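Keep in mind it's a predicted model, so treat the numbers as computed, not measured.
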Amino acid sequence: MSTAEGFPNGGIMGERVRTYDWTATPLGPAETWPQSLRTALSIMLHSAFPTYLAWGQQLTSFYNDAYIPMLGEKPEALGRSFPEVWPETWDIVGPIAARAMRGEASYFEDMPLTVMRRGYPELTWFSFSYSPVCDETGGVGGVLCTVHETTERVQAEAALRESENKLAAILEQLPVGVGLVDPEGNIVLSNQILQQYALEKVPSRDPIQGERWRGYTPEGQRLSPSDYPSARALRGETVIPGVDFLVTLPNGQDVWTRVSAAPFRTTAQEGLGAVFVVQVVEREKRTEQALRESQTRLQAAIDLVGLSPYTWNPVTGGLDWDARLKAMWGLPPDAHVDEEVFLSGMHPEDRPRVEAAIAQCSDPAGPGIYAIEYRVIGIEDGVERWVSTQGRTSFEHGRPVAFIGAALDITERKRAEAALRESEERFRQFAENSSNTLWILNFETMNLEYLSPAFEPVWGEPREGVLGNPTRWSRFVHPEDRQRARGALERVKLGDICTEEFRIIRQDGGVRWIRNTFFPIRDAQGQIRRAGGIAQDITRHNGRFVYVVDGNETTRQGLSRLLRDAGYKARVFSSGKSFLEAAPALAAGCVVLDIGRSGAGGLVIPRELKARRIGLPVIVLGDAKGDVTFGVQVMKAGAVDFLPIPYGSDQLLAAVASAAASTHEENEQDQEAGRARLRLAEMSEREREVLAGLLAGKTNKEIGRDIGLSPRTVETHRAHVMQRLGVQTLSQAVLVATSAGFQSPNPGPNVPQGSDTPET
C-alpha cells in the first residue's frame with residue numbers, strides 16, 4: 001500500500017507524511033510499515049488534540065496539525081528522533097518515554113519544562129500522557145503522546161495568587177476590619193482585625209450572627225437584616241455609608257462598631273460580591289462629641305492614606321483644595337487657590353513636565369489620565385516637597401468639562417529612596433575596591449544576586465557566568481568541603497553568624513583556600529530571606545619562589561619585603577640580563593617584572609621565557625600612560641598578568657597567588673595523570689573495551705552487542721573498571737581516563753534492529 005493510500009487527509013501533517021522520504025529513516029519506506037504503526041498514525045493525524053507519535057527504538061517522530069504550534073521555531077521534527085527534537089527536555093521526558101516503551105502508561109498535569117522553541121529558554125507547563133502502542137508481536141512499537149500546554153493558565157493562577165497575597169497584605173495594614181464577601185455572603189478574605197469577630201458569613205446572611213450584630217438607624221431604631229449594609233451591597237447598591245452596630249463579641253463583651261459595605265464584581269460572569277468594613281466606634285458612641293467626629297464615611301478611608309481629593313474646572317480654571325493639599329503648597333487652610341497659585345508653587349525644573357501632563361490629560365483624543373510626581377516649593381514656608389497626584393478628565397462633546405483627582409505628599413518616601421540610593425552607592429564603592437569577595441545569596445531561589453569584582457581573580461572566571469545560576473556557584477566548592485559550606489548556610493537561616501574555611505576548585509583546575517564569613521540578611525519584617533558573605537583568599541603559598549626583576553633598588557627592595565611578609569621566598573635581580581642567565585636553573589615559581597623602571601629589560605623576559613619553554617609565569621608591572629592597547633601587547637609577549645602603575649599591594653599579591661597556584665596545580669595534575677596511566681596499564685583487554693564503550697556514552701547492552709558479551713557480563717567488567725580507577729561514578733571515570741590520555745577506539749558496526757541477544 002502506498003503512503004498516499006495509507007494516510008488520506010490528515011491536514012498539513014498528513015500531506016507531509018505522505019511526501020516525506022522515509023527511506024533515509026530507521027523506519028524505511030512507508031510501504032513496509034507494520035499495520036500497528038499505520039493505525040496509530042491515522043488516529044494521531046485525525047485527532048483535533050495536539051498529539052505526538054514516537055515509533056521504534058530510535059523513537060522516530062510524527063505529529064499532527066494541532067501539535068505544530070508546540071514546536072515554535074524549531075527545525076522540522078518529522079522523521080527525526082524524539083531526543084533530537086526535544087534535547088532540552090530529554091532529561092525529564094526521556095525516562096517517561098522509556099517507561100512507555102516498556103509498556104507503562106503515564107500522565108502528568110502541569111509539569112514545568114524549559115523548552116527552546118523560539119530561540120531562547122522558555123519556562124512552560126504542560127499536561128500530557130505517554131501511552132505505549134503495541135505492535136504485531138505483542139510488544140511495544142512506539143509511544144503516543146497527547147499534549148496540552150497549560151502555561152497561560154498556570155501563569156494566570158500564579159498571578160492571581162500573587163494578587164490575592166498583595167491584597168491580603170494591604171488589608172493587614174488597615175486599622176479597621178475589612179473582608180471580601182462572595183455572592184452567598186461568605187467572608188472569603190479578611191484581615192486579622194475582622195477575624196477577631198469570628199465571622200464566617202455577614203450577619204445579614206447568618207441568623208445566629210444576626211442576633212450578635214444588632215444594627216440601628218441614626219434615630220436609634222433597630223434595622224431589619226435586609227437593610228444591613230452587606231445585604232444592600234449584595235443587591236447592587238452603591239457604597240453604603242457607615243451603619244452603627246452593637247456587637248456581642250465571642251467573650252460576651254458588647255462594643256459599638258460602624259459597618260460599611262460596597263458592591264464589587266470580579267468578572268462579568270461572577271455574581272455580585274461586597275467589601276465589608278468594620279470600625280470600632282465605642283468611644284464615639286459613648287460621647288456625643290465622638291459621634292460627630294466619626295461621621296467621615298468614605299472620607300475616613302481616604303484619610304487613612306493621607307490622600308487629598310480635589311477638583312479642577314477646565315472651563316473656568318477653578319480649583320477646590322482641602323487644607324492638607326494647601327499645606328503641601330505651604331499655604332494656610334483659608335488661603336485662596338487658583339491656577340496661578342498652583343503653577344507658582346511648582347519647582348521650576350518640573351514645571352514643563354507638569355504643564356505637558358495637563359495638556360495631555362485635557363486632550364479629547366487621549367485617555368484623559370493625569371498621573372505625575374513632581375516637586376513644589378512652599379509659597380509661604382519655602383519648604384521643598386514631593387507630590388504624587390493622579391486624576392481623570394471628563395469630556396462632553398469633545399471638550400474637557402471636569403477633572404477630579406487626588407494628591408499625596410510623598411516627600412518622606414522620596415527622601416528614603418534618596419537615602420537608599422546613597423547607601424547603595426557607598427556599598428558599591430566599598431565592595432568594588434575591596435580585595436575580599438562580597439556576595440549576597442537569595443535563599444528562595446538559591447541564586448547569587450551580587451558578587452563583587454574581587455571574585456574574578458580568585459575564582460578565575462567572570463561574574464556573569466555565576467550570577468543568576470543556582471547551581472554553578474556551589475560547584476566551585478571542593479566535594480569534601482561542600483557539606484561544611486552547606487551547614488554554614490543552614491546556620492545562617494537560623495540567624496547565626498559563622499566563619500568557615502574551605503577549598504574551591506577553579507575552572508582551570510586550580511585549588512584555592514577560602515575563609516568565608518557568613519551572616520544573615522533580614523527583610524523589613526525581620527525574616528531571613530538572604531545570606532551575605534565576605535570571602536578572603538587564604539591560599540597557603542608553601543614558600544614558593546618569586547623572582548623580582550627591577551632595576552631600581554628602592555622599589556626592588558619594597559617588592560621583596562612585601563612578598564616575604566606574605567610568605568613567599570623572594571629573590572631579586574637588578575637586570576633582565578642577569579635574570580635570563582639564571583632562569584634555566586631556577587626552581588618553580590613566578591616572575592614579577594617592573595618595566596616601568598630603567599634597566600628592567602622591557603618585554604624581553606616574557607618573550608625569552610616563552611621561546612625557551614621555561615615554565616616561569618611572568619607578572620608585568622608598568623605605566624601604560626593611557627594606552628589601552630599596552631596591556632594587550634604585554635599579554636601577547638607571554639605575560640600571564642599585567643598591573644598598571646599605580647597598583648595596590650592586594651592586587652599584586654592576588655596576581656602572584658594566582659600565578660604560583662597555577663604552577664603548583666600543573667605539577668599536581670602531571671602526577672595525577674601518571675598515576676592514572678599506571679591504573680589503566682593494569683586493566684585487561686576486555687576491561688579496556690568496556691571502558692571505551694563507557695566513554696562513548698553507550699549502555700551495557702550496546703557495549704555487549706559491540707564486543708560479543710551479555711549485558712550482565714559487561715556489568716561485571718564495568719564494576720572492575722570502576723574499582724581499578726578508584727572512582728564511584730561514570731563522570732569521575734571519564735575525568736581519570738581523559739587525564740591519562742586514554743583514547744577510545746572507533747565504535748563497532750551497528751547491529752541491525754531485532755538482532756539483539758536477550759539480556760541474561
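Formation of a donor-acceptor pair under 3.5 Å by the Arg491 side chain with backbone atoms of Phe519 is not found in this model. The main-chain N or O of Leu113 is found under 3.5 Å from a side-chain atom of Thr124 such that the two form a donor-acceptor pair. Counting only distance, with no hydrogens or angles, the side chain of Glu88 and the backbone of Met116 share a donor-acceptor pair below 3.5 Å.
For Trp513 and Phe502, the ring centers sit 6.0 Å or farther from each other.
Put simply, the side chain of Leu609 reaches to within 4.5 Å of the side chain of Val618, judged on heavy atoms. Proximity of Asp550 to Val572: side-chain heavy atoms (C-beta onward) are nowhere separated by under 4.5 Å. The shortest distance between side-chain heavy atoms of Leu621 and Thr555 does not fall below 4.5 Å.
Residue Trp439 forms a side-chain contact (heavy atoms from CB on, under 4.5 Å) with just one option from Val466, Leu467, Ile534, Asn516, and that option is Asn516.
For the atom pair CZ of Arg564 and CD of Gln557, the computed distance is 7.0 Å after rounding to the nearest 0.5 Å. Taken from CG in Leu653 to CG in Leu563, the straight-line distance is 6.5 Å, to the nearest 0.5 Å.
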Q: Applying salt bridge (charged side-chain N to carboxylate O under 4.0 Å, His left out), run through Arg506 and Glu461 and close with a yes or a no.
A: CA-CA 8 Å; Arg506 291 160 49 106; Glu461 63 179 83; over 6 Å; no
Q.
Run Arg530 and Glu444 through salt bridge (charged side-chain N to carboxylate O under 4.0 Å, His left out) and show every step you take.
A. CA-CA 8 Å; Arg530 291 171 174 79; Glu444 182 178 354; over 6 Å; no
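For Lys636, the NZ atom sits in a loose shell: 12 or fewer heavy atoms of surrounding residues, nucleotides or ligands are nearer than 6.0 Å. Other residues, nucleotides and ligands contribute over 12 non-hydrogen atoms within 6.0 Å of the CZ atom of Arg413.
Counting only N and O atoms by type, the side chains of Ser575 and Ser578 include a donor and acceptor under 3.5 Å apart. Judged by distance alone, the side chains of Glu449 and Asn442 do bring a donor and an acceptor atom under 3.5 Å apart. Side-chain contact, Arg415 with Thr411: no donor N or O sits under 3.5 Å from an acceptor N or O.
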